[in-house]
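To start, the structure itself, in structure tokens.
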Amino acid sequence: MFFLSVLIVCFIIFLLLSSLFNSNHKVIVSLVGALVVSVLVQVLEDQFYLTSIMIATLIIYFIIANVKVFKNEQLKLMVAVLFSTSIVTLVLTFTYFNQISNISDRDETLRVMFIYYPLLIIFIACYTYMLLTLFNFKVLQTPNPLLYIVNKIRGFMRMIQLLWIASRKGLNHLIQQDHAKLPHVIAEILDNMGGIFVKFAQVLSTKKDILPSNYIDAFSNLHDQVQPLRTDELKTIIDNKIGNIDDIYESFDMRPIAAASIGQVHLATLKLTGEKVVVKILRPNVKQKMTVDLNLLIQFVSWLSERSSKIKRIGLIELAKGFKKNLMEETDFDIEALNTNLLRKAFKEYDIHIRVPKIYSEYSNKHILTMEYIEGDSFTKEVTTDVSEMIMHAFLNQILMIGIFHADPHPGNIMLTKSGEIALIDFGSVGYLSDDERDGMLSFLLGYSNNDTKEMTHGLMRICEGEDSRDEDTIERRLSRLLSEASFSHDPTSVMMKRLMSMITEMGLSLKPTVAGAFRAIVTLDGTLSSVDEEYSLTTVSESYANHIDKGQLAEKRLSKVKGQLEDYIPKLLELPILKGDKITIVHEKNHNLNDFIGILTVSVFTVICLVVMLTSFFVQGELMQFLLAPLSMLGFGVGMIIIIMSVIRYLKPKI
């Protein structure tokens, strides 16, 4: 009866508080809170003081947790309150409440229980919360801390496995000797690690413009063996993500037509329309598992680059980081659906005769992608020069006109339909170019087609980053020599593209990431088209593309763009207060530094106050000082000093 009475009273209290803060799920939250309190009262029935303390703490937490500013910080807040409650309870239990029978002043006991104790919990929770925010522990930022810890353990085990395999293969010794077997040993290590490591090796095997031939040969033999999902797993995923499989699909082939480490592909027929579709299904928890291996992969290639100047020049670290970015995007089918729809729409607007599959958005989400089935063969059969030219023209239009391009045009992603059309599939990896990057690439291409090294240099400067002091004359001379050397080749453009990358690196420059992706995609497509058309030449195709470009239309587009920018910027510029007395005064933005200074000053003043109160507590005795001011000032001084020291360290840390 007593338990039920406590339950009802607490439920009413929590329900009133929930209504006051307009919380979600008021009844459920209130019932859970009431149950917790009732159980505590029942278990600690002989410990009146401890029971009162725990109940007060729970109510305090309930109130704080419903304050709007803490809505997205529940885990951090919970840790702070639990830590504060535990510390204060332990200290007061062993120093005060255990001696409660010897204390004659019952009024003091009540004040300690219901005034000092809750205040100590609140303030110490605030201190703890500040420190948690300062150090910003990753485990407290994740939606699932348990999964984060599990992934950390898995990452540690995978690292041990990698170190064991590398030491068994004698990798460090081979690097020091620069042994001819090194590429094959690295390939064996990646193969033994499996999954993402093998996929990375497969990607590297296509980078013939970057990697030496011995690395290409070593990586080309690797194949990722992936077990397909079981039938019951498939049904569970579909039922949970988009609805009952029997209600959506008339038929669904449980045998995948393709399976990879990220997901697998199935053929199906829609029940509503009878259309044949392709269904891509993401593997469960693949993103979390991949993140662990991708981080380990970047650490591994960084370790290799530190020990081998040859590997460092190849740029494996940048390739691994780009690989991680692309792969993480591929684990979100919403991104692939968006990319597909954007390019499908752009192809229609620019009258590009390449098919892009239709996305069925009502049967698609982050985990499942349902799209139109395009019947045809992979791009491995011989095609005419007209077809290969049309494909490269379409691709250059994607880069230079649309600004969105398919970043992985290997033979498996290009199809020849039975009706003779060209189709593009798999838009998980797509690049986006800014207007400035597109203009830079266009200037470079037009300069190349006209043998104008000055225009080529101008374009190259706009798509590169690196050295601040760039010598345009030196770049122009190097480009002139590059054109002369390439002219002796049977396909000058292809040779020039490949040697251009080396020239850029040697000069301490680097292509902007998206531009580098565009160049790599051109080289990949160049290789694909060369394999199916013996007469294909990138030089010929580039010249024909440059001749087909409407120069007048381009000039008009550029003028229109500049005019639009002026129309947008000039009115805003005239409104600024920096235009005074026909002189433009440069104003540096210092608000950020000012806010930091004010914050540190506030913490410093708070720390000094805490120090004064702490020193005073050694000479002034009293109930308020003993139970509240002394412990709070000591802890406040400690927290303030930690914040100041961390701020000084961060200020002195070199800016990279």
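Numbers here simply count residues along the sequence, with the first being 1. Source: prediction; values computed, not measured.
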- request: Specify the closest pair of heavy atoms between A166 and I189, including all atoms of both residues, with the distance to one decimal.
  value: CA-CD1, 3.9 Å
field: Residues in ring-ring contact (aromatic ring centres under 6.0 Å, His included) contact with F197, at least two apart in sequence or another chain
entry: none
message: Please tell me whether N341 and K358 have a donor and an acceptor in their side chains that are separated by less than 3.5 angstrom.
response: no
- prompt: More than 12 heavy atoms of other residues, nucleotides or ligands under 6.0 Å from CD of E535: is that the case?
  reply: no
K312 atom NZ, neighbour heavy-atom count above 12 within 6.0 Å: no
task: Would you check if there is a donor-acceptor pair between the side chains of E330 and S429 at a distance under 3.5 Å?
output: no
message: So for atom NZ, which belongs to K366, do other residues, nucleotides or ligands contribute more than 12 heavy atoms lying within a distance under 6.0 Å?
response: no
message: Main chain of T291, side chain of N295: is a donor-acceptor contact present, judged purely on distance under 3.5 Å?
response: yes
- prompt: Which heavy-atom pair separates I354 from L424 by the least distance, and what is that distance?
  reply: CG2-N, 4.0 Å
F444 to M456 - nearest heavy-atom pair and separation: CD1-O, 3.4 Å
For residues 399-414, please give each side-chain donor-acceptor pair under 3.5 Å, one per line with the distance, not counting sequence neighbours.
residue: H406; atom: ND1; partner: D408; partner atom: N; Å: 3.1
residue: H406; atom: NE2; partner: I425; partner atom: O; Å: 2.9
residue: H406; atom: NE2; partner: D426; partner atom: O; Å: 2.8
residue: H410; atom: ND1; partner: G412; partner atom: N; Å: 3.0
residue: H410; atom: NE2; partner: N413; partner atom: ND2; Å: 3.2
residue: N413; atom: ND2; partner: D408; partner atom: O; Å: 2.8

query: Sequence neighbours excluded, which residues qualify as ring-ring contact (aromatic ring centres under 6.0 Å, His included) partners of F323?
result: F200
message: Please evaluate residues L511 and I504 with respect to the criterion side-chain contact (heavy atoms from CB on, under 4.5 Å), reporting the C-alpha separation (whole Å), side-chain torsions for both, the decisive distance (0.1 Å), and the verdict.
response: CA-CA 8 Å; L511 290 172; I504 289 170; 3.7 Å; yes
message: Tell me the closest heavy-atom pair linking F427 and N339, and the distance in Å.
response: O-ND2, 3.0 Å
message: Rounded at 0.5 Å granularity, tell me how far CG in D332 sits from CG in L282.
response: 8.5 Å
